[in-house]
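First comes the structure, then the notes that go with it.
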There are 4 protein chains.
Amino acid sequence: MKNSAILLVQCPDRRGLDAAIANFVYQHEGNILHFEEHQVGEKGFYLARVEWDLNGFQLDINDFPRQFTPIAEEFDMQWRLALGSYRSRVAIFVSKYDHCLVDLLYRQRNGELACEIPLIISNHADAKRHADFHGIPYHIVPVTKENKPQAEQQQLELLRKNEIDLIVLARYMQVLSTDFIRHYPQQIINIHHSFLPAFVGAKPHHQAYERGVKLIGATAHYVTAVLDDGPIIEQGVARISHRDTLEDLVEKGRDMERVVLSRAVRWHIENRILLYANKTVIFE
Amino acid sequence: MKNSAILLVQCPDRRGLDAAIANFVYQHEGNILHFEEHQVGEKGFYLARVEWDLNGFQLDINDFPRQFTPIAEEFDMQWRLALGSYRSRVAIFVSKYDHCLVDLLYRQRNGELACEIPLIISNHADAKRHADFHGIPYHIVPVTKENKPQAEQQQLELLRKNEIDLIVLARYMQVLSTDFIRHYPQQIINIHHSFLPAFVGAKPHHQAYERGVKLIGATAHYVTAVLDDGPIIEQGVARISHRDTLEDLVEKGRDMERVVLSRAVRWHIENRILLYANKTVIFE
Amino acid sequence: MKNSAILLVQCPDRRGLDAAIANFVYQHEGNILHFEEHQVGEKGFYLARVEWDLNGFQLDINDFPRQFTPIAEEFDMQWRLALGSYRSRVAIFVSKYDHCLVDLLYRQRNGELACEIPLIISNHADAKRHADFHGIPYHIVPVTKENKPQAEQQQLELLRKNEIDLIVLARYMQVLSTDFIRHYPQQIINIHHSFLPAFVGAKPHHQAYERGVKLIGATAHYVTAVLDDGPIIEQGVARISHRDTLEDLVEKGRDMERVVLSRAVRWHIENRILLYANKTVIFE
Amino acid sequence: MKNSAILLVQCPDRRGLDAAIANFVYQHEGNILHFEEHQVGEKGFYLARVEWDLNGFQLDINDFPRQFTPIAEEFDMQWRLALGSYRSRVAIFVSKYDHCLVDLLYRQRNGELACEIPLIISNHADAKRHADFHGIPYHIVPVTKENKPQAEQQQLELLRKNEIDLIVLARYMQVLSTDFIRHYPQQIINIHHSFLPAFVGAKPHHQAYERGVKLIGATAHYVTAVLDDGPIIEQGVARISHRDTLEDLVEKGRDMERVVLSRAVRWHIENRILLYANKTVIFE
């Protein structure tokens, strides 16, 4: 857990932006650990992630907003400050396929994912034993066409009570309502088992098998109101051949989904993602 | 150039198929070099590629059809015989982007592609110097909305005169008419610069850039009457990031297109591809 | 679990081999599911894997050796028969790093690895809770320089009692003695966390970090008397950059090790591996 | 061709480094296009690449060294300034295998490699026709054990006369003398057709084939006095199987070598490489 501060900035590009940010940190005796910026040339847009060591930093971090606001206003910045020591509070949603869940729990346990996982929500009991193994509360919220609004209310309450920062849909097979999504803008990550935008919607492996593609994919993306259309965070592919049955596709898909989803979650909780024009900028 | 025979077979699966084929070759003292078969389990279908050494083979290969027909009929086979020593006659179609053309010519020259390239057809003069360098006739056939039928007639005549077996669309930017395609069923290979079925049609790199994907692709496929919908032969992807401009996508795409297209052409001319249910089986 | 028989054959190449095998199966009314053969051209060597459906097969499989021996002798075959329905008995050895162990247990549980895992042996207690979760006996056998011969005796006894067919060293940090290895020829698979033959021996990630490579690797191989020198079964690589610390290498390595090792184990228990000249032939 | 300035810096890490550089550029009204820095944490070392637009920059770039020196001295910087508009002068050395040469010439022609190629040097006449096609002088300098010192003198003279900045060994099969190398420190890039440090020295594909690896590699590196030991710039791998003959390895290797070498050359001429502890930092 690093005792660092992370500043995420986006604004119109202008001379002096890097200098203004670097000077601010330096004036308060912060040592910059990473300074990464990206410019969307054709649109004159500037995006940056700056991380500095808080050891020796002379400004009370609670006072940061007040002190930084004049600079932010001068440059018309949208900005956000995060602490390297803060552990995001992540809720995992799962249905019956448990490979992504098991993988995320393992990575959290071994320190790869520096977050808390205060609860798991599922519409089935199947994955409960994994939650038990890790000592994480497992809430079964059955969802049907009829009870969906109430079910989502129940879920939202659980999330609120647990002060959740990020929802991970780890092969959760229910479509969330627009209303639900609105409560967690850019805070819901889904794994879709295809190379989006190919094979949107249900049964992408079946679609891939029918079409006879030579590579199958997986895509982690933020959830928005339009199905499988949110900003893409990470993608992966695996080679298949005519020897692979539909079941082989499913198996090869699992390995990819695990890696792609866990990478997306990690970038999110480490504050490495900026959103721009329905796309993500990843400051690795 | 191998002095071998290649038998491609597809038929309903039945006991004794492998034995019947292997026996036939053995009875005439052929030594099998490769025996590869694939079964589409759920459909009860059998596909095979058998290659044997013609040195010492006691049957006049011209007499093969007559001798093999009883077996073929017994098992209801669709079959095709090819000679390893035959060099396919390939026509390359190109427009302005010449990277695939240059690559194919280089591979043909160094022996990777064991084929003849008797002519190149283009709607532009740009790539002519590469044809000249390799001493290959280059025919400029301009295509407009108005003259398209006549232009295609001219192309078909050139192809016929040169006894072409395979047409390779190496970034040829004109859509071929259904009528043209009918003359060369499963004998036209196209390279599309996306990961099909994502980004069908025009400007796939622009579409990919707008959607914010993290991998771009290339697809080699047989051309059918429906645009970008024919059986996929090979696909590849390359990783991109937010740092890549649209121009970078185009450059990264080029490397992939070269590799993917040349692999597809090679498998075709080496008689390694069988078609089944709008899919390809590749006997590598 | 398939009710099939798998015949693995290697011998000098000769006319009629495919026919002899296919005929034998056909005579007893077996339906061949997969017939794959490979010839090492320059050496005149033939290797094959033939799998056929036992439903309707008219030969008592226990009588197979007696019936097949004349053919085998005629062609000078080394051969082995396996049953698709047999579940290999696999022992996993592990030390403190548990990612490969956890992965293998998960895959066995979900059916990807069709084997039994009757026991886990470790020189540490750390991974015991995973064994307990899956209800698998976990034997702690501490190993020191002094007690090594006795420790290995104890291990061998456990293996014998459990009728183990395959030993998987899932990041087991002790070097096995030549004597131990002799008991399980071509039955011990190790995962080495480098791209062999680069970075043999201890701390390969440190070596890779020092050398400044741009890709790190993992290698699954059979264990022989010479350290990290046995026949390679599978390899994988992952891209790294200057941004990656030594710890990042370790993390990226884990994902690869899991995939590479599990693939090797799967091929072994599905009887897809033939050994030839210190190399493996994988009939995928 | 960008009208930009690129500053490359390495020095001990200290508070205020980013601010000092960004301020300097800003004071002279430069607009920073890319600011990338990397810290080697455990060693307290700082490396950076800063690129800014020269349009509107108020400092005569020839006066940059004088103005920047006080800052550089304060922070104990090693630094180098390059102009985005400068086209490096690259000499290509080649023997008989011409695939890398042909590829580099093609990429230079289409604008991917923004450099001049004033000459090609070879110990054989074979590749001359490619030089002629592109109108580039081709110097044949035969090298034998006996004449090597004189041959290298002749090469050095050609390089000097052509004011060469970078030498690319595009499958040049002669080992350069330590004396030769000393004239071009960190200015000679070689492509080795293996995944270094595996298979150092002669005939790496033969070595890979014998060892039975499942992936083959290619490595672009700076040439130093120790054979195949210089800082690695880029690496790639390709999957092979038992079906691949030695010749197939060579063919699969070619595709990789092209991509890996051209990438390394591009990063070098775009001033994206910093050297540190026999490793490269690539500011992509």
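Lettering of chains follows the sequences in order, A, B, ..., and the numbering in each one begins at 1. Any value given below was found using the heavy atoms of this structure, including those in side chains, with hydrogens, waters and symmetry copies removed.
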Gap between atom CG of L196(D) and atom CG of L215(C) - 0.5 Å precision: 11.5 Å

Ranking P231(C), S194(C), G217(C), A198(C) by heavy-atom pairs under 4.5 Å to chain D gives rank one to A198(C)

Winner by heavy-atom pair count (cut-off under 4.5 Å) against chain D, out of V200(C), I233(C), T219(C): I233(C)

List the atom of I232(D), the atom of G212(C), and the distance in Å for their closest heavy-atom pair. CB-O, 3.7 Å

Lys/Arg N to Asp/Glu carboxylate O, R243(C) vs E36(D), below 4.0 Å: no

Atom group of L47(C) that falls short of 4.5 Å from chain D, counting heavy atoms: neither

R211(C) side chain vs D229(D) backbone, donor-acceptor pair below 3.5 Å: yes

When you measure from the side chain of H38(C) to the backbone of H242(D), do you find a donor-acceptor pair of N or O atoms at a distance under 3.5 Å? yes

Before giving the answer on side chain to side chain contact (heavy atoms under 4.5 Å, CB included), spell out for V237(D) and Q235(C) the whole-Å C-alpha distance, their side-chain angles and the decisive distance to 0.1 Å. CA-CA 11 Å; V237(D) 292; Q235(C) 298 188 290; over 6 Å; no

Taking every non-hydrogen pair under 4.5 Å, which of G230(D), A208(D), S241(D) racks up the most with chain C? G230(D)

Enclosure of Y46(C) OH (heavy-atom neighbours >12, cutoff 6.0 Å): yes

Is it the case that over 12 heavy atoms from other parts of the model lie below 6.0 angstrom from the CZ atom of F24(D)? yes

Is there a side-chain contact between K279(D) and Y209(C), using heavy atoms and a 4.5 Å cut-off? yes

With a 3.5 Å cut-off and no angle check, do the side chains of K214(D) and T280(C) form a donor-acceptor pair? yes

Which of residues 256-275 of chain C get closer than 4.5 angstrom to chain D, counting heavy atoms alone? R263(C)

Please look at L246(D) and chain C and tell me whether the side chain, the backbone, both or neither of the residue comes under 4.5 angstrom of a heavy atom of that chain. neither

